[in-house]
Structures are given as C-alpha cells and as structure tokens.
Amino acid sequence: MFSIYNHLIVGLPKPQTLALGHLAFSHHLSHSLASLSIPLDTHSVTDPHCSPQYLPKFVDLSNCSNLPQLNQNFAHIIRTHLLHLYPAPFHWNNILRAYTRLDAPNKALHIYASMCRSGVLPDSYTLPISVKAASQLFAVGTGRQLHSVAIKVGLELNEFCESGFISLYSKSGEFGDAHKVFDGNPSRKLGSWNAIIAGLCHAGRAKEAINMFIEMRKRGFQPDDVTMVSVTSACGSLGDLDLAIQLHKYVFYARTSEKPDILMMNSVIDMYGKCGRMDLACSVFSSMTQKNVSSWTSLIVSYGMHGHTDEAIQCFESMMKAGVRPNYVTFIGVLSACVHGGKVQEGRYYFESMKSVHKIVPQLQHYGCMVDLYGRVGLLQEARRVVEAMPMKANVVIWGSLMGACEKYGDVKMGKWVALNMLELQPWNDGVYVALSNIFASRGLWEEVERVRELLKQRRLAKVPAYSLATPQNFRTFHQKAQLLF
C-alpha cells in the first residue's frame, strides 16, 4: 500500500527491537536537522532532586505566549530532570505542541529528536504534531522519515497522522504521494478529505478541489467549516457564481453554535467578491455578528478588485472607526483600489500612514502598488524614485507595470532603463522587445524600431500563446490564441 516508502523501511525491526530501530532513526533525524543550526542543550545539569511539586511546569507550557518564556520553562524542565523522572509521551507532546503553536517548527523537530534519543516512542499525538512542524517548514524529506516511523509503530492509518501527511505532501507539491496516502485508506475520515481538498486549493488546482468535494459528498460525508473554507476559496478562483450560490447553502449547514464561523464567512465574502457580486458580499458582511481584520480586508480587497475605489476607501475608514487594526494585506487592498481609481493623493497618504501611524513595514506588494499608481497617471519619475528607494529588488511584475506605463506615455529614456532591468531578470522575454519597439514607434524613431525588430529575428524569439479563463457552465474553459509579433 505504501510502496513509495519501501526504501525508508528496509529491514523493518521486529517488535522487540522496535525501540532500538527508532533510536537509530532519531539519530539520523538529528543529523538531518543539524543543518537548521538551532542549538538545543539537552544535557542534564546537576541540580537538587526534583519532586512532583515541579509537575505544574508542564502545564505552564500551554500558557506561554512567546518563545523566550517557553524556552525558560523548557530549560527548567531540563535542569530538574523532569523528563527523565516522568518519561511519558504526554509530557514530550506538551512541549512539542507549545513550540509548534508559537511557530517554532525547527525547535519542535529538535525536541522530537531528543524524545527519540531518550527512548520514548511516539504515540498518536506525537506524530501529528511533528508532521505539522515539518509541514510548516515544507520539509518533505523529514516528513518522509516521520511517515516511515508511523508505519513502524502502526499509526499510518491514524486519522490525524494520515491527514497530516496528506497536508505535508500537498504543500510540498508532492501530489502523487498525497494521493497515494489518501487512496491507501478506504476507511478515510473527514480530516483526510479536508486535507486533500485544501492541498489542491492552495496549489491553484481549483477544479480538482471542487471535484474532490463532489466526490466527498457522494460518499456521504457532511462538510464542516474547514471543508467549506477551502471549497469556497476554490470557487472564488474559478469565478463561478452559480456554484458559489450552491456552496453558500452548504455553509449554512456547516455552521455550528460550538465554533465561531468567522473564518468561513470571510471566505464567503471573498468568494462572492471574486465572482463579481459585491451586493452579496456586502450582505454576508453585514449579517456577521463578529468581524475581524480579515472580514474587513476581504471586503476592501473585493471592492478594489472591481474598481470600486470610493467604496474601498470608505470601508477602510469605517474599519478604523470600528477600532480594528489593519494588517499588511489590508493596505494592499486599499492601495490596489487607489491604483484602479487613479487616486494618487490618497495612495500616498495611505502608504505613508501605513509606515508612520500603523508601524507596518512595506513589502514588495505595497511598493508595486505605488509604482503602478504613479505609472498609470504618467508620474514616471515618481515611480522610478520608488523603485530606486525600495529596500528589496523589484521583481518582473513591477518592472512590467512600469514598462506598460512607458509604452502608454511614450517615454523612451525610461523605457530603455526598464527594458535593461527586465532583461536581466528574463533575458528570454520577447515582450520587452515588443514594448520597446512600440515606444520607439510612438515617437517616430523608425531606425530604432527596425533595430529592435532585427534583434528579435536574430534571437529567434517567438511569441508565447496567450490563455484566457472563463467559466460559463463548466468550471473552467480555456481559450488559446496564437498571436503574431507584428
């Protein structure tokens, strides 16, 4: 069933030698993790004999709100030999869970290796936590090793282990392995369905995610909030309104009084926004009794996406009045809305306030919005100053938007500068030559036009066919066009 892992479990030890074999694995895993350069001192330190009065320290781990506090508590556990006196997996699992919760997967995997060296075998809680840590690092190699351990100890079909491995392989782009794990258990639970659907969705394979959801329903499974977040996201990528309305009905069934539905409703807002129905997106937003920053951001981004600049700005201001602190994604939405509406002054204001008022460090996307904003209204020198002042190098998207602005306004000097930088990133990109030729032609520089065209012939560049996306009744229909150079 798991033939792809045969090379990892050659010479599988007999039950009586399982502990020894697992220790050997932990030694191999320790060497694999050594490259992460995370120090971990597990040597015992001479200390007064500890007693059960120190046991509350294990409980304190769940209350740690930051890594320094957690490290301090863990150091106390090591000094007082608690893990030697109480070697049950339960205590190790608490430590693993705490580090994973605080986004310290490197440290969590080192803890797992230390657990193995101590001779404590993992249980049905240890492995899912460790797999989650490996997934956070996209460490598919470490994940395979953990998978071999799960097979050795008979936990490969455990619901949480199985879904963890599916998620890990999907995030790492190993969909062949993810499907083998998924197909290998005919008695799979809802968690495994959720993992494979989420993996397909995150990889941009929206139609496959929807098909998997349909298959899940045929098998009699009822979707929960986790399922619907992934499926509505996939539907938004497809832009299929008919499907969106059907999925909204499932959202109502998936809602429970036990868990807040805020994440699921945020996804519905995003879905309707991408399908172009801002009225429905606003209706869902207004019906929410609880809203967080993602709720507001979903609506702002949706407004900006469809060019409703004033509505996006008004929504942002309402968010500020409601006392909700924006994040970096919120400002991407606001700046994008300013780009579509050509609102230069507003864009400048929000970009500066993001840094000075909200203390958010601009990222590549924010700089890209400002370059696009200036470029669209012809402020090419302003756009160039933004590019030159960026703390990171501009990517091909930023250079492309600036090249489009140079072509629109016929700026020869700027066009040459942009083309030079674009060709450093993509020397094979024929679009650079075509745009530069158009810029020369707009200024009547026919000798330059002829020189660029001759260069194109010499390099034997060919225009890549373009693709358009549409979903009339099916989920996705591709149209391919052959475009000529001139």
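Residue indices begin at 1 and follow the sequence shown.
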Would a distance-only check, ignoring hydrogens and angles, find a side-chain to backbone donor-acceptor pair under 3.5 Å from Ser442 to Ile439? yes
Could you tell me which non-hydrogen atom of Ser135 sits nearest to which non-hydrogen atom of Lys171, and how far apart they are? OG-CD, 3.2 Å
Do Asp240 and Cys275 have side-chain heavy atoms sitting under 4.5 Å apart? no
Nearest heavy atoms of Pro326 and Phe316, plus distance in Å: CB-CE1, 4.0 Å
The test is side chain to side chain contact (heavy atoms under 4.5 Å, CB included); show your working for Ser401 and Val371 and say whether it passes. CA-CA 8 Å; Ser401 67; Val371 171; 4.0 Å; yes
Using a strict 4.0 Å threshold on nitrogen-to-oxygen distance, state whether Glu215 and Arg219 make a salt bridge. yes
Side chain to side chain contact (heavy atoms under 4.5 Å, CB included) between Leu335 and Leu373, worked out: CA-CA 8 Å; Leu335 294 175; Leu373 175 61; 6.0 Å; no
Neighbour count above 12 (heavy atom, 6.0 Å) for Glu388 CD: yes
Do Met390 and Leu364 have side chains that get closer than 4.5 Å, going by heavy atoms? yes
Taking the six-membered ring for Trp, is the centroid-to-centroid distance between Tyr99 and His110 below 6.0 Å? no
Tyr169/His179 aromatic ring centres below 6.0 Å: no
Identify the heavy atoms of Leu436 and Lys416 that sit nearest to each other, and give their distance. CD1-N, 4.1 Å
Quick check: do Ile269 and Met288 have side-chain heavy atoms less than 4.5 Å from each other? yes
In Å, rounded to the nearest 0.5 Å, how long is the span from CD1 of Ile196 to OG of Ser230? 11.5 Å
Note, Leu299 side chain near Cys282 side chain (heavy atom, < 4.5 Å): yes
Residue pair Val293 / Met319, side-chain heavy-atom distance below 4.5 Å: yes
Determine whether the aromatic ring centres of Tyr250 and Phe213 lie less than 6.0 Å apart. yes
Under 3.5 Å donor-acceptor, Ser283 side chain and Leu280 backbone: no
Measuring only between side-chain heavy atoms, which start at C-beta, is Pro223 closer than 4.5 Å to Arg217? yes
Is a donor on one side and an acceptor on the other found under 3.5 Å between the side chain of Ser130 and the backbone of Thr126? yes
Could you verify whether a donor N or O on one side chain and an acceptor N or O on the other, from Thr330 and Thr297, lie under 3.5 Å apart? yes
Between Arg348 and Tyr374, a side-chain donor and acceptor under 3.5 Å: yes
In terms of ring plane angle, is the pair Trp296 and Phe285 parallel, tilted or perpendicular, where the classes change at 30° and 60°? perpendicular
Could you walk me through whether Met414 and Val418 pass the side chain to side chain contact (heavy atoms under 4.5 Å, CB included) test, one step at a time? CA-CA 6 Å; Met414 185 78 74; Val418 174; 4.2 Å; yes
Regarding Lys393 and Glu424, does a basic nitrogen lie under 4.0 Å from an acidic carboxylate oxygen? no
Quiz item: cation-pi between Arg205 and Phe175, 6.0 Å / 45°: yes
Within a reach of under 6.0 Å around CD of Gln72, are more than 12 heavy atoms found that belong to other residues, nucleotides or ligands? no
Sub-3.5 Å donor-acceptor pair from the side chain of Asp242 to the main-chain atoms of Ile245, do we have one? no
Kindly assign one of parallel, tilted or perpendicular to the pair His308 and His306, based on the angle between their ring planes and the thresholds 30° and 60°. tilted
Between Tyr125 and Phe90, does the ring pair (Phe, Tyr, Trp, His ring centres under 6.0 Å) criterion hold? Intermediate values first, please. CA-CA 8 Å; Tyr125 296 96; Phe90 171 79; 8.7 Å; no
Would Asp177 and His147 count as a side chain to side chain contact (heavy atoms under 4.5 Å, CB included) if you check the C-alpha gap in whole Å, the side-chain angles of each, and the deciding distance to 0.1 Å? CA-CA 11 Å; Asp177 292 350; His147 201 160; over 6 Å; no
Between SG of Cys235 and NZ of Lys207, what distance do you get to the nearest 0.5 Å? 14.0 Å
Of the non-hydrogen atoms in Asn73 and Cys64, which two are nearest, and what is the gap between them? ND2-SG, 3.2 Å
Can you tell me how far CE of Met370 sits from NE2 of His366, rounded to the nearest 0.5 angstrom? 11.0 Å
Would you say Gln314 has more than 12 foreign heavy atoms packed within less than 6.0 Å of its CD? no
For His340 against Thr309, the heavy-atom pair lying closest together: C-OG1, 4.1 Å
Under 3.5 Å: donor-acceptor pair, side chain of Ser356, backbone of Glu352: yes
Ser298 side chain to Ser294 backbone, donor-acceptor under 3.5 Å: yes
Please tell me if the side chains of Val231 and Ile197 come closer than 4.5 Å, counting only heavy atoms from C-beta onward. yes
Is the backbone N or O of Phe182 less than 3.5 Å from a side-chain atom of Arg188, with the two atoms forming a donor-acceptor pair by type? yes
Between the OG1 atom in Thr142 and the CD atom in Gln145, the distance rounded to the nearest 0.5 Å is 5.5 Å
Between the main-chain N or O of Ser65 and the side-chain N or O of Gln69, is there a donor-acceptor pair closer than 3.5 Å? yes
Closest heavy-atom pair, Met403 versus Ala435, reported as atoms and distance to 0.1 Å, is CG-CB, 3.7 Å
Using a 4.5 Å cut-off on heavy atoms from C-beta on, say whether the side chain of Tyr272 contacts that of Met278. no
Cut-off 3.5 Å, side chains only: do Thr227 and Asn194 have a donor facing an acceptor? yes
So, applying ring pair (Phe, Tyr, Trp, His ring centres under 6.0 Å) with Tyr367, which one of Phe351, Tyr328, Trp399 is it? Phe351
CD1/Ile300 to CZ/Phe331 distance, rounded to the nearest 0.5 angstrom? 9.0 Å
Under 3.5 Å: donor-acceptor pair, side chain of Lys355, backbone of Ile360: no
Once rounded to the nearest 0.5 Å, what's the spacing between atom CG of Asn395 and atom CD of Gln426? 9.5 Å
For Lys291, does the NZ atom sit with more than 12 other heavy atoms under 6.0 Å from it, leaving out its own atoms? yes
Kindly say whether Ile262 contributes a backbone atom to a donor-acceptor pair with the side chain of Asn266 at under 3.5 angstrom? yes
Less than 3.5 Å apart, any donor N or O on the side chain of Ser267 or Asp270 sitting next to an acceptor on the other? no
Could you check whether Trp92 and Tyr112 have their ring centres less than 6.0 Å apart? no
